[in-house]
Amino acid sequence: MKEVRFHGRGGQGAVTAAQILAKAAFYDGKFCQAFPFFGVERRGAPVMAFTRIDDEKIRLRSQIYEPNYVIVQDPTLMDSVDVTSGIKDGGIILINTLKDIKLNGYDVKTIDATGIALEVLGVPIVNTTLCGAFAGLTGEVTIESLKKSILETFPGKLGPKNADAAEKAYNLTKGL
Amino acid sequence: MCEVKVITGTSAAAEAAKLADVDVIAAYPITPQTTCVEKLADFVANGELNAEYIKVESEHSAMSASIGASAAGARAFTATSSQGLALMHEVLFSAAGMRVPVVMMNANRALSAPINIWNDQQDSLSQRDTGWIQLYAEDNQEVLDLVIQAFKIAEDEKVLLPVMVNLDGFILTHTVEPVTVPKQENVLDFIGTYEPKHAYLDPKKPMTQGALGDPNYYMETRYAIETAMRNAEKVIADVHDAFAEKFNRAYGNGLIESYNLEKAENVIIAMGSICGTIKDIIDLKKKEGVEIGLLKIRCYRPLPVEMIKDALKNAKNVAILDKSISLGMNKGAIYADVASHLKDKKTVNYIVGLGGRDITPEDILGIYDDVEISEDGKTNWIGLKEE
Amino acid sequence: MTGSQFPREELFAPGHRGCAGCGAAIVARLALKAAGKNTIVANATGCLEVMTTPYPETAWKVPWIHVAFENAAAVASGVEGAVAALKRKRGKYGEEKVNVIAFGGDGGTADIGFQALSGAMERGHDMVYIMYDNEAYMNTGVQRSGSTPLLASTTTSPAGSLIRGETMPKKNMPMIMAAHGIPYVATASISYPEDFMKKVKKACEINGPAFIQVMQPCTTGWGYPADKTIELGRLAVETGVWPLFEIENGEFKLNYKPLKRKPIEEYLKVQKRYRHLNPEEISVIQKTIDMKCDEYGL
Amino acid sequence: MVNTGTIIYEPGSSANNKTGSWRVFKPVLDQDKCVKCENCYIFCPEGCIQEKDGKFEIDYDYCKGCLICEKECPVKAIKAEREEK
């Protein structure tokens, strides 16, 4: 089983991202589960969301304490939240940033998801872009399934745009 | 053909109500139930569900309107949680006493104070004596399947009681996972149309519902509900079996589910989503050559006591998990109900997950270890931070 | 006057357990005569409910439902929803309009049932809510409600040496209902049956919510001989205590204006609940009634 | 056996309960004086004054003796008599 933890701010779509990833895994023929950290956070406050992916039916109902992957939507979160908490050996932390961030002892990958989102979507909403980057980096979900999941999540004009943003990030991170 | 959707537990409940082609929905929003009634509102707004959606001003009115609709002969559905369920308390008795087969989804959530929106099962367990059939889901698929089955159980002439389908707040309500959604024609073929013979409101055949029952009649009406509850045991099993045959999904015998109970001496009794985690632990230990078991209660009212006793005949040490607490007794509701029927075994009560306290696989492993050494009749609060 | 000015069909049967001279029974009987047999009734807990349906007997010849005290409007909402859905989906109830009428006493309406009533009215259900107002909780033994008038003595607002009965004026339900913007609000009295029945009929015909508050003297709670039920209702109107009016689509219309209002004392002196009043207190009540009548153009 | 849900299927079955025994005073209608104004008919809380062949008749099976009819009769055609019990 692979476990992913998203760090975001209320309103940035972390929960949606976790669900998009879960659905993408499902389209790849895997079992999945996605859920938010069950809080009362409002827009702007730090939030978490989780995705589980497995080849077998997922029955486990506890929260995720030792993720394989961590996705950070906003680097300023790292001032108040320990994004490295519990991460498994060999785990990857994907951070949306312009800077070259290093965290001692952790495999950190960075991407300017905000830049891609602004360019493709016209708004700094990075959740789908980061999903694309995650797919490129880890290969846990295929880009085809991810795009299908995104198109289903955003019916109408937003769908193709978000799928493009994800694909752009995917191509930048593939094989990194 | 079915369609598999990656959806939340509340969406699964809403999908099931839609498949059942409900006539009237009366609902009031409360966390973590809201996404169910939002989804239903979408269905109605888009013409996918032909129903009257009454946006009531409270849960008390939600239940009252549901009773009115069902008493008039309509298939009625509502959903609530926690404080909302507590607010309904008075009229829950009325629904059962008036024998209206309302189906309700309840998102299990803790009760105030302090205010807490997270999961435990205190809300529904506190309603155990209202005359409602209570069913509990382990995952989102079971939510959908239970809501469909609930209509068929509630509307059965041998039952005619309201049914509450419970799912753990957030743990299921806000978690997406794959759910197989059957075709509506198959569901309607399975549950049929609601054509009540006992209760409807039609000027062509006037009847009086909700009469005064004086001491000459009242006891008989309560006994009739108890009889219907006993009838429901068989109906729930039959409906489950028929559902399993038609839709290819089974859950034990419909009332309880045994998991590795044949060889296990140390077993857990539990209800709801935690059963999934427990099954994982049981499989894990099996690989190590250790046999432990689970008895999942799917139907809490009517409580299938004989089935439980029979399923546990090989068990020695029984850990009973409760996500509720009867204050002043230091026991959870399931323990209080079940332990007295297991006198030849050691029973230990574990109070877990109150107000959303997470229950980890390590907690479950610890309970299996503890039940073997703990003294009989003890109560342990798991994860309690003691000063 | 000859011929039948009133419908002869009786939809409210005799044998009910109401007190001799019961005003609530007159409300139900007249309302059903006006509404006709294509009617479903939802009843709040209260005198009317208890006295008409001790199992296994019912006084009702129309479909009737009771659930609890505070929820008649919510139950009626569900019934109305069911009727709409079953008509649309399964062709039930035929072509004719089905009236959904909720009955609640003053306690079940202005106090404990107020929230459910407000919700039902605001949601625009096609229903008629009839508040039968006897100005106290009669079913439980004459306790004060929000509809109890100033200085009336009840068992929970007793006339003592220090406190002289109810300290607050009667809650103004018709105006509160009018503020909901519903198409029809009216006051009525059982002592003016033509007026009351005309209003019930109109309320049934209107699409959307209608509210009628009908004054209904109570021999037991008010303390007067049973034969004076109608006389007291008439005195309430003639003295200006209970003006008869309609508010139709926001337009206020006074239905009856006495040539000369009778002094309030004539109304008060017949009733035990006002027996403790001294002339000064009677003049206080007279003043409040005068002010209200000025407001309503009486 | 109590009906499921304590539902009553016989509309108007309260008529089984003869409330006439409650009476202390009995209203007696003088048909010669009656002008058929219908006051007694419409104000009766029991609905036990009904028109039959052009005449109003009081059903003493149900009349509780409230005497609203006597009070509201404009021509004093109804008189109260003490019940002989």
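We name chains A, B, ... by the order of the sequence lines, and we start the count at 1 in each one. Not measured: the values here are computed from a predicted model.
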What part of C:Ala116 lies closer than 4.5 angstrom to a heavy atom of chain B: side chain, backbone, both or neither? both
For residues C:His125 and B:Ile54, determine if any side-chain heavy atom of one lies less than 4.5 Å from a side-chain heavy atom of the other. yes
Can you tell me how far apart OG1 (B:Thr208) and CH2 (C:Trp60) are? Round to the nearest 0.5 Å. 8.5 Å
Whatever's closer than 4.5 Å to a heavy atom in chain C on B:Ser58 counts as both
Step through the shown structure and confirm whether more than 12 heavy atoms of other residues, nucleotides or ligands are within 6.0 Å of OH on B:Tyr53. yes
How long is the span from the CG atom in B:Leu212 to the OG1 atom in C:Thr45, to the nearest 0.5 Å? 10.0 Å
Closest non-hydrogen atom pair, C:Ala68 against B:Glu90: CB-OE2, 3.7 Å
Taking atom NZ of C:Lys202 as the centre, report whether more than 12 heavy atoms of other residues, nucleotides or ligands fall under 6.0 Å from it. yes
Leading residue by heavy atom contact count with chain B [cutoff under 4.5 Å; candidates C:Val41, C:Val83, C:Val98, C:Val62]: C:Val62
Would you indicate whether B:Met219, at its atom CE, is surrounded by more than 12 heavy atoms from other residues, nucleotides or ligands within a distance under 6.0 Å? no
Shortest non-hydrogen contact from B:Val24 to C:Ala85? CG2-CB, 4.4 Å
Residues from residues 190-200 of chain B approaching chain C under 4.5 Å (heavy atoms): B:Thr193, B:Tyr194, B:Glu195
Residues C:Ala74 and B:Ser61: closest non-hydrogen pair is CB-OG, 3.4 Å
Heavy-atom distances under 4.5 Å only: say whether B:Met207 touches chain C with side chain, backbone, both or neither. backbone
Just give me the residue among B:Ile25, B:Asp21, B:Asp214, B:Val91 that pairs up with chain C most often, heavy atom to heavy atom, under 4.5 Å. B:Asp21
Residue among C:Ala72, C:Pro63, C:Gly78, C:Ser118 with most heavy-atom pairs under 4.5 Å to chain B: C:Pro63
Any donor-acceptor N/O pair, C:Lys89 side chain to B:Asn50 backbone, under 3.5 Å: yes
CD/B:Glu220: more than 12 non-hydrogen atoms of other groups inside 6.0 Å: yes
Is it the side chain or the backbone of B:Ala26 that comes within 4.5 Å of chain C heavy atoms, both, or neither? neither
B:Val102 portion near chain C, given a 4.5 angstrom heavy-atom threshold: neither
Sort C:Ile65 into side chain, backbone, both or neither according to what part of it lies under 4.5 angstrom from a heavy atom of chain B. both
Specify which of B:Ala72, B:Ala211, B:Ala62 makes the most heavy-atom pairs with chain C at under 4.5 Å. B:Ala211
With a 4.5 angstrom heavy-atom cut-off, is it the side chain or the backbone of C:Val50 that approaches chain B, or both, or neither? both
So B:Glu57 and C:Arg123, side-chain contact (heavy atoms from CB on, under 4.5 Å) or not? Walk me through it. CA-CA 9 Å; B:Glu57 80 299 331; C:Arg123 290 192 297 270; 2.9 Å; yes
With rounding to the nearest 0.5 angstrom, report the CD to CG distance, B:Glu52 to C:Leu86. 9.5 Å
Pairwise distance CD(B:Gln209) to OG1(C:Thr58) - rounded to 0.5 angstrom: 11.0 Å
Grab the two heavy atoms, one from B:Tyr217 and one from C:Tyr55, that are nearest each other, plus how far apart they are. CE1-O, 3.3 Å
Is it true that C:Glu70 and B:His60 share a donor-acceptor pair across their side chains at a distance under 3.5 Å? yes
Closest approach of B:Ala69 and C:Ala82, non-hydrogen atoms and distance? O-CB, 3.6 Å
To the nearest 0.5 Å, how far apart are CG in B:Asp23 and NZ in C:Lys87? 15.0 Å
Residues B:Gly210 and C:Trp64: closest non-hydrogen pair is O-CZ3, 3.9 Å
Who among C:Ala120, C:Pro56, C:Ala76, C:Gly94 has the most heavy-atom pairs with chain B under 4.5 Å? C:Pro56
Any chance NZ of C:Lys92 has more than 12 other-residue heavy atoms, nucleotides or ligands included, within less than 6.0 Å? yes
Got more than 12 heavy atoms from elsewhere within 6.0 Å of NZ, B:Lys55? no
Reported CG-to-NZ distance for the pair C:Asn38 and B:Lys204, which is rounded to 0.5 angstrom: 6.5 Å
